[in-house]
Amino acid sequence: MDNQETLFTKIINREVPAKIIYEDDLCIAFRDINPQAPLHALLVPKQVLPKLSDSSQQEQSLLGHLMLTTALIAEQQGYADAFRVVVNNGEDAGQTVFHLHIHIIAGRELSWPPG
Ligand code: 5GP
């Protein structure tokens, strides 16, 4: 599963351009091409995991790292106090790219329920 080619691995490999705002050994974050708020970033693990529900105990530390990095990115972008974190899991939940990613959304009033 690790070497599966996805749109996001192409961004990781610089084969598709993106506005990258963060990168470390395990993950990368870039601006969503169709932003829903002033900050709309996608945080993506370099390891390909199609969706959150495909993860297991083996991914525990990676998933923890992604959560901590989400908060770090929100802070770095100036939105430490209010941001929304979304993971669409599965087609019926709105997932369109099958490479796990966390949406980090901030910079406007965010209503609830999200719809
Ligand atoms: P999903 O619907 O799978 O949760 O989220 C996929 C996200 O990827 C969408 O918000 C969509 O706008 C974004 N996206 C799709 N293609 C590209 C692309 O080529 N570049 C960037 N930066 N974002 C993309």
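Just so you know, these numbers use all the heavy atoms, side chains as well, and skip hydrogens, waters and symmetry mates. Because the structure is a prediction, the values reported are computed rather than measured. Counting starts at 1 for both ligands and their atoms, following the listed order.
Aromatic ring centroids of Phe30 and Phe8 lie under 6.0 Å apart.
Judged purely by atom type and a 3.5 angstrom limit, Glu59 uses its side chain to pair as donor or acceptor with the backbone of Ser56.
Of the options Glu15, His99, Gln4, a side chain to side chain contact (heavy atoms under 4.5 Å, CB included) to Thr9 is made by His99 and by none of the others.
Applying the salt bridge (charged side-chain N to carboxylate O under 4.0 Å, His left out) test to every pair with at least one member in residues 19-30, sequence neighbours left out, gives these pairs: Arg14-Glu23, Glu23-Lys46. Contacts classified as ring pair (Phe, Tyr, Trp, His ring centres under 6.0 Å) and involving residues 49-78 (residues at least two apart or in different chains) are not found.
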Please list, one pair per line, the donor and acceptor atoms closer than 3.5 Å that link side chains of residues 103-115 to other protein atoms, with sequence neighbours excluded.
from: His103; atom 1: ND1; to: His40; atom 2: NE2; distance (Å): 2.8
from: Arg108; atom 1: NE; to: Gln36; atom 2: O; distance (Å): 2.7
from: Arg108; atom 1: NH2; to: Gln36; atom 2: O; distance (Å): 3.0

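Protein residues lining ligand 1, listed by chain and number: Leu7, Phe8, Ile11, Phe30, Arg31, Asp32, Ile33, Asn34, Leu42, Asn88, Gly94, Gln95, Thr96, Val97, His101, His103 [non-hydrogen atoms, distance under 4.0 Å].
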